[in-house]
Amino acid sequence: MLDLRLIRNHPDVIRRALARRNEDFPLDELLSADEEWRSHLARVEQLKAKRNEASEAIGRLKREGKDAEEAIVEMRAVAQEISALEARVKELETKIHDLLMVIPNIPHESVPDGASEEDNVEVRRWGTIPEFPNGPKPHWEIAAELGIVDFERAAKVAGARYAFLRGAGARLERALINFMIDLHTQEHGYVEVWPPFIANADSLYGTAQLPKFGEDMFRIEGTDSYLIPTAEVPVTNLHRDEILTADMLPLKYVAYSACFRAEAGAHGRDTRGLIRQHQFNKVELVQFVRPEDSYEALESLVRDAEAVLQRLELPYRVVEICTGDLGFKEAKKYDPEVWMPSYNRYVEISSCSNFEDFQARRANIRFRPAPGAKVEYVHTLNGSGLAVGRTLAAILENYQQPDGSVVIPDALRPYMGMDRIEPPAK
RNA sequence: GGAGGGGUGCCGGAGUGGUUGAACGGAGCGGUCUUGAAAACCGUCGAGGGUUUACGCCCUCCGGGGGUUCGAAUCCCCCCCCCUCCGCCA
């Protein structure tokens, strides 16, 4: 959510932001609703002031045992006028609020202009792309031959876009989760939390999945709760409606969660393998920081995500997302992308964003900069560190061997208890 | 799921229709005292919004939403959450 006063006083700033995003938004409608709201509000408040004054006088008269009937009758009329005007005020407030909920965040000045993902900017590459003389096998073939992923039975049990991991596959998933969390807690200063995997509508408004993206989530029938699409939701909302003290910041959390995505509109994309599932595991990093620190925090957040790829010795690049590809709530975003041999390209495996105060305003997360000072909104950030299923796929593909086995990256061996996944004996 | 109790400011905790935005504590902030600190004492101290060049003025907020009333933290209705006991369950 943007600051209504910023919109009111600097509509040019908003207009430019919308243009950079190539986004249609009825800004003039919002501005005129705001103007009308304020003029009605002024009148209602005048009447209320009058009423308050009269009510106090009535109280005084009654205490003195005098007759107050005349004033009461007069105020009865005023009360009616107030409720009529107030209805209009509320209507306008609802309209303004609804519009504020769907106006996207302002891209940071440093975000490259662009129309689509074609215009995203690669900022760095790391690692060496492996060669496969006989061509790389896709991870779903490798997994099938190793007997570690079962899509068919998952389809029988749950449906399309679910997976059963088995044996070393299941263990690899679990090893990755533990490895990632340990790295972030022990070396990057994050506090581990284990969140609920269900969140209520208030939380989803707070982090801005709602109202615009309800279709992408699984709603629990008969409730206003949803399966979380990412741990970002519960972990950011951990501090909803709170005033933090300055010494708590920066506040850095790492959380494992299963993530659930209905993926409306994704039919036909990445239908094979582990890349796009309705349920997947993710280790998420979430930070609450002072506003002046948030861009520095974004850089270190990306480095924290990259560290996972480096430890696993997976080749990757980092892409800076352009204005046209930037998500609704993001002010700036970097996507680390891992090399996926069978795709012959880099594939998104993390997404690290600074939301500035966009989520903090919605979720009402504030802090007191100094004892006695006025409260301010914090800045929130988050990033995957990393998407576990995609990491597993990347390991299978990048570490595949000519004999059908898959070597386990060194960093993972203590967690796996093996240094190689062997194909079953025939 | 059933029964009972409860949700008040940064925290604790009063307050059941008329100067209560809220007593009293604590924390914080400013000051007196002190070489310094502690203690003591004095003062200050919620959030959001409208309006104003500004000082200020005004409105709203006591879990959320409706209602009654000239007037509601206080009365009525619905909902949510927390606690205790019972049931169920891992």
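Numbers restart at 1 for each chain; the letters A, B, ... are given by sequence-line order, proteins then strands.
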Given [options], identify the nucleotide with an atom nearest to the side chain of [X].
X	options	value
A:Ala49	B:rC58, B:rC70, B:rA47	B:rC58
A:Arg51	B:rC70, B:rA47, B:rU51	B:rC70
A:Glu45	B:rG50, B:rG66, B:rC70	B:rG50
A:Ser55	B:rU60, B:rG50, B:rC70	B:rC70
A:Ile243	B:rC10, B:rG48, B:rG18	B:rC10
A:Arg366	B:rC70, B:rG50, B:rA47	B:rA47

Can you tell me the distance, in whole Å, between the [atom1] atom of [X] and the [atom2] atom of [N]?
X	N	atom1	atom2	answer
A:Asp3	B:rG48	CG	P	11 Å
A:Glu376	B:rA47	CD	P	13 Å
A:Glu69	B:rU69	CD	C1'	13 Å
A:Asn52	B:rC57	CG	P	15 Å
A:Lys48	B:rC70	NZ	C1'	15 Å
A:Lys374	B:rA47	NZ	C1'	8 Å
A:Lys62	B:rU69	NZ	P	13 Å
A:Met75	B:rC70	CE	C1'	7 Å

All stems that RNA chain B takes part in, i.e. 3 or more consecutive Watson-Crick or G-U pairs with distances under 3.5 Å, are B:1-7 with B:80-86, B:10-12 with B:24-26, B:28-32 with B:40-44, B:46-51 with B:56-61, B:63-67 with B:75-79
Pairwise [atom1] distance for [N] and [M], with rounding to whole Å:
N	M	atom1	value
B:rA40	B:rU34	C1'	12 Å
B:rU8	B:rU74	C1'	12 Å
B:rC55	B:rC62	P	28 Å
B:rC11	B:rG46	C1'	13 Å
B:rA14	B:rG71	C1'	23 Å
B:rG26	B:rG43	P	13 Å
B:rC29	B:rA22	P	23 Å
B:rC45	B:rG25	C1'	14 Å

Classify the side-chain pair [X]/[Y] by whether it contains a donor and acceptor separated by less than 3.5 Å.
X	Y	answer
A:Gln359	A:Thr380	yes
A:Asn52	A:Ser55	no
A:Glu173	A:Asn281	yes

N or O in side chain of [X] less than 4.0 angstrom from [N] OP1/OP2:
X	N	result
A:Lys90	B:rG66	yes
A:Arg5	B:rG50	yes
A:Arg43	B:rC59	no

Base, sugar-phosphate, or nothing for A:Leu41, non-hydrogen atoms under 4.0 angstrom?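 Sugar-phosphate only.
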Please enumerate all residues that pass salt bridge (charged side-chain N to carboxylate O under 4.0 Å, His left out) together with A:Glu306, with sequence neighbours excluded.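 In terms of salt bridge (charged side-chain N to carboxylate O under 4.0 Å, His left out), with neighbours along the sequence ignored, A:Glu306 is linked to A:Arg124, A:Arg303.
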Check your understanding: Going by the angle between their ring planes, with limits at 30° and 60°, are A:Tyr256 and A:Trp194 parallel, tilted or perpendicular?
Key ->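 Rings of A:Tyr256 and A:Trp194: tilted, 30 to 60°.
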Take a 6.0 Å sphere around CZ of A:Phe164 and say whether it holds more than 12 heavy atoms from other residues, nucleotides or ligands. no
Does A:Lys137 NZ have over 12 foreign heavy atoms under 6.0 Å away?
yes
Centre-to-centre under 6.0 Å for A:Tyr295 and A:His379, is that the case here?
no
